[in-house]
Amino acid sequence: QVQLVESGGGLVQPGGSLRLSCAASGSIFSFNSMGWYRQAPGKERELVAIITGGGTTNYIDSVKGRFTISRSIAKSTVYLQMTSLKPEDTAVYYCNANSGSGYWGQGTQVTVSS
């Protein structure tokens, strides 16, 4: 059973930065892809960024140029570097790993507010 543990969320002012981490219990090399999703109150969960097993990345339009997904295979960790944060980025952010089966972390709250 794969376990994913997110960290790094918090309260930040507009224009600020945060880095989220997702530590996996096993090697992330075997996953087809890993991604970060977010869910704001009253909204559906949406895919924010994804990194494939080959290292290809993709982002939703609203975060392009501001967010960067990366990984450390040695540390079995995926990161989401978020810069120029906006109030509309406020949500619970979830890590997902896809290996045929899908695995989810417990989520970490990101609040962007002055």
Side-chain angles (χ1 to χ4, degrees):
Q1 183 72 15
V2 174
Q3 291 187 336
L4 304 174
V5 179
E6 301 103 331
S7 61
L11 172 65
V12 63
Q13 293 185 342
S17 300
L18 283 174
R19 188 176 81 156
L20 306 183
S21 299
C22 172
S25 58
S27 173
I28 65 173
F29 186 75
S30 62
F31 295 133
N32 296 329
S33 64
M34 293 191 72
W36 286 96
Y37 289 70
R38 67 186 179 188
Q39 188 166 20
K43 295 187 177 181
E44 294 186 353
R45 190 174 297 190
E46 63 175 354
L47 175 62
V48 176
I50 191 168
I51 184 166
T52 68
T56 300
T57 59
N58 205 357
Y59 305 87
I60 57 171
D61 287 344
S62 61
V63 308
K64 285 182 179 178
R66 301 189 298 122
F67 290 11
T68 303
I69 188 170
S70 62
R71 65 183 180 182
S72 169
I73 294 175
K75 295 182 179 180
S76 293
T77 300
V78 174
Y79 305 96
L80 185 67
Q81 179 69 49
M82 305 186 293
T83 63
S84 301
L85 282 160
K86 304 175 181 180
E88 50 263 44
D89 295 317
T90 295
V92 178
Y93 283 70
Y94 297 91
C95 179
N96 171 268
N98 179 12
S99 62
S101 299
Y103 303 94
W104 293 93
Q106 81 287 354
T108 185
Q109 177 70 47
V110 172
T111 302
V112 184
S113 175
S114 56

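Nearest heavy atom pair, residue Ser27 against residue Ser76, reads CA-OG, 3.7 Å. Looking at every heavy atom in both residues, Ser99 comes nearest to Phe31 through CB-CD2, 3.7 Å. When all heavy atoms of Tyr94 and Gly105 are compared, the pair lying nearest together is CD2-O, 3.7 Å. Summarising the geometry of Ser21 relative to Thr77, their closest heavy-atom pair is CB-CG2, 4.2 Å, with the distance given to 0.1 Å. Minimum interatomic distance between Trp36 and Ile69 (heavy atoms only, all atoms of both residues): CD1-CD1, 3.7 Å.
Contact check for Met82 versus Val110: side-chain heavy atoms found under the 4.5 Å cut-off. Using a 4.5 Å heavy-atom threshold, the side chains of Gln39 and Tyr93 count as separate. Looking at heavy atoms from C-beta onward, Ser72 lies in side-chain contact with Tyr79 at the 4.5 angstrom threshold. The shortest distance between side-chain heavy atoms of Leu4 and Met34 falls below 4.5 Å. Contact annotation: the side chain of Gln81 approaches that of Ser17 to within less than 4.5 Å [non-hydrogen atoms, C-beta and beyond].
The closest donor-acceptor contact from the side chain of Glu6 to the backbone of Gly107 lies under 3.5 Å. With hydrogens and angles disregarded, a donor-acceptor distance shorter than 3.5 Å links the side chain of Thr83 to the backbone of Arg66. Using a distance-only test at 3.5 Å, with no hydrogens or angles considered, no donor-acceptor pair links the side chain of Ser25 to the main chain of Val2.
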Please evaluate residues Thr111 and Val12 with respect to the criterion side chain to side chain contact (heavy atoms under 4.5 Å, CB included), reporting the C-alpha separation (whole Å), side-chain torsions for both, the decisive distance (0.1 Å), and the verdict. CA-CA 6 Å; Thr111 302; Val12 63; over 6 Å; no

Worked check of salt bridge (charged side-chain N to carboxylate O under 4.0 Å, His left out) between Asp61 and Lys64: CA-CA 5 Å; Asp61 287 344; Lys64 285 182 179 178; 3.1 Å; yes

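Ring centroids of Tyr37 and Trp104 are separated by less than 6.0 Å, placing the two rings close together.
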Mind listing the side-chain donor-acceptor pairs of residues 42-53 below 3.5 Å, one per line with the distance, residues two or more places apart or on another chain?
residue : atom : partner : partner atom : Å
Glu46   : OE2  : Arg38   : NE           : 2.8
Glu46   : OE2  : Arg38   : NH2          : 3.3
Thr52   : OG1  : Gly54   : N            : 3.3
Thr52   : OG1  : Gly55   : N            : 3.4
Thr52   : OG1  : Thr56   : N            : 3.1

